[in-house]
Amino acid sequence: MVITTTLLFIFITTVYILLRYSTRKKTFPGPKPLISLPNYFFNTILTISNKRLRDNLLNLFFPESFQYIVLTVPLASQYYTSKYGDIVQINLFNQPTIIISNPDFADYILRRNGKNYTLRFGNPSGLEYLGMKNKGIIWNTNIQRWKYQRLNFFQKALNTKLLDDAKYVSNDAVDYILKYVEKYEVKNDIIDTMDFLRSITFTITCHLFLDLPIGTISIEKTKYYVNSVVQYFKAWEYFLLKPTQFYDENQTSQHEKAIKQLNNVVNELISEREMNNNNNNNCLFINSLLNALDNQQITKEEMNQCILEMLIAGTDTSSVTMFYFLLALCDRKELEEQLRRELKENSYKTLTNGLKESMHFKPVGPVIMRCAINDDIYNDIPIKNGTNIIINLADMHRRNENFSLGNEFNIVNVEDKDLSNTNNEKNVFVPFGVGPKECIGRWLAKVEMEVIIEKLILNYSFERANGTKTLEELQTRWDIAQQPTDPGFMLIQRR
């Protein structure tokens, strides 16, 4: 007790002295710090074993960091955006951090000077848990390895031929999963729509990138593998940002098991390919990885992480967007009839705009996180190297100055918005990002979503089951990836 009191007295005295002589000024709008404290004070607070004392001191001296610990990144970012405007600077984990929902500034970070912001920030220990530290392309902080793996495996594989193949593969994957639709039923003709859609996109990904023909993986295993992807996402959100001192022992153990489980899935899929003697030289992704491994250009761990990231990216994001669109159509019968009429006439305007509006209204990636590699200047405002950047995409997509009905689901919002992002003007609609670190699978996602929705809507009707909320009422978890937390059950019937 005496030691604790003495340490607390020393701490408060030091804080008082620093407060007297602190002259730090901020150049962006944002919360005014009580005091500018050196890093070791933040780290010292984290080591305090008394949770209540630790949290109170963090909330007092590092309130922004505390917000990001107790809230998710999108929710905390929206809190400061709502309070201070579309450009806000905060002190996050004692590191300058700029929250942006200003389209011009966002475009500068992502595209015009995107090469300076290809890094992402996160907890190095958390990235180690996830297997993402210096491996793969999603959160790899080793720039050279990121460039090498993105160019030689992902970018090389996602070529024009693959996009053409994706049309037929997507069609066949829908047919295959529909053959076993009863496996997704929670009641007669009522299915778990998210599980159903994820199984389709997972099947497509395995065929196009792992050389596993449709039907190679049983429905039971498909469902198990899809659940492994979902659990990995939860681990990703848990480990990514918060300091390790805030890890809960039970939750940490649970998420470690989820990470191990998905890594086991990756090994099973590699073995499945070998057992089936699938040696399609046109399957560039897996063949390029295996050739690089044989030539000692990558490690086995790097190869497995690239496959794991292809699975999570290929399975979840597109399926969530399609689910939102189907849910929107359930309560917009006129829009559904318009869509079906156009599809029968081989017109895809409403389909394309409907999917874009789903990405606008509930973006699967509500924030984009970056980190400045070198010192920079934007509008005469200095940005120091190491500055964290959070682009508040969800807020940027809801602003009425950029969208006619920003807070409503209405395809009028995106009728004049282009997904290509190749123009030289600022982009206000960037669901896939833009620039050197944009979503590399954006065009594949567009192709497969359009094929899947067309096939389903022309042949099946979807209605919300009892207890399934409307798109507007649906509860979602706004985190690194935004996903529904409420059940997404729908009545599916052949037309």
Does the distance from a Lys or Arg side-chain N to an Asp or Glu carboxylate O, for [X] and [Y], drop under 4.0 Å?
| X | Y | result |
| --- | --- | --- |
| Asp331 | Lys469 | no |
| Arg332 | Glu472 | yes |
| Glu256 | Lys260 | no |
| Arg399 | Asp395 | yes |
| Glu450 | Lys167 | no |

Would [X] and [Y] count as having a side-chain donor-acceptor pair, cut-off 3.5 Å?
| X | Y | result |
| --- | --- | --- |
| Tyr176 | Thr203 | no |
| Asp486 | Gln475 | no |
| Glu357 | Asn413 | yes |
| Thr216 | Glu272 | no |
| Asn379 | Tyr108 | no |
| Thr476 | Trp478 | yes |

Apply side chain to side chain contact (heavy atoms under 4.5 Å, CB included) to Thr317 and list each qualifying residue two or more places apart in sequence or on a separate chain.
Val364
Do Ser358 side-chain atoms and Gly354 backbone N/O form a donor-acceptor pair below 3.5 Å?
yes
Partners of Tyr232 by ring pair (Phe, Tyr, Trp, His ring centres under 6.0 Å), sequence neighbours excluded?
none
Looking at Phe323, I'd like to know if the NZ or CZ of Lys362 sits under 6.0 Å from its six-membered ring centre while staying within 45 degrees of the ring's axis.
no
Phe202 six-ring centre to Lys223 NZ/CZ under 6.0 Å and within 45° of normal
no
Measuring from Ile286:CD1 to Cys306:SG, what's the distance to the nearest 0.5 Å?
10.0 Å
For residues 140-154, which residue pairs pass the salt bridge (Lys or Arg N to Asp or Glu O under 4.0 Å) check, not counting sequence neighbours?
Arg145-Glu302
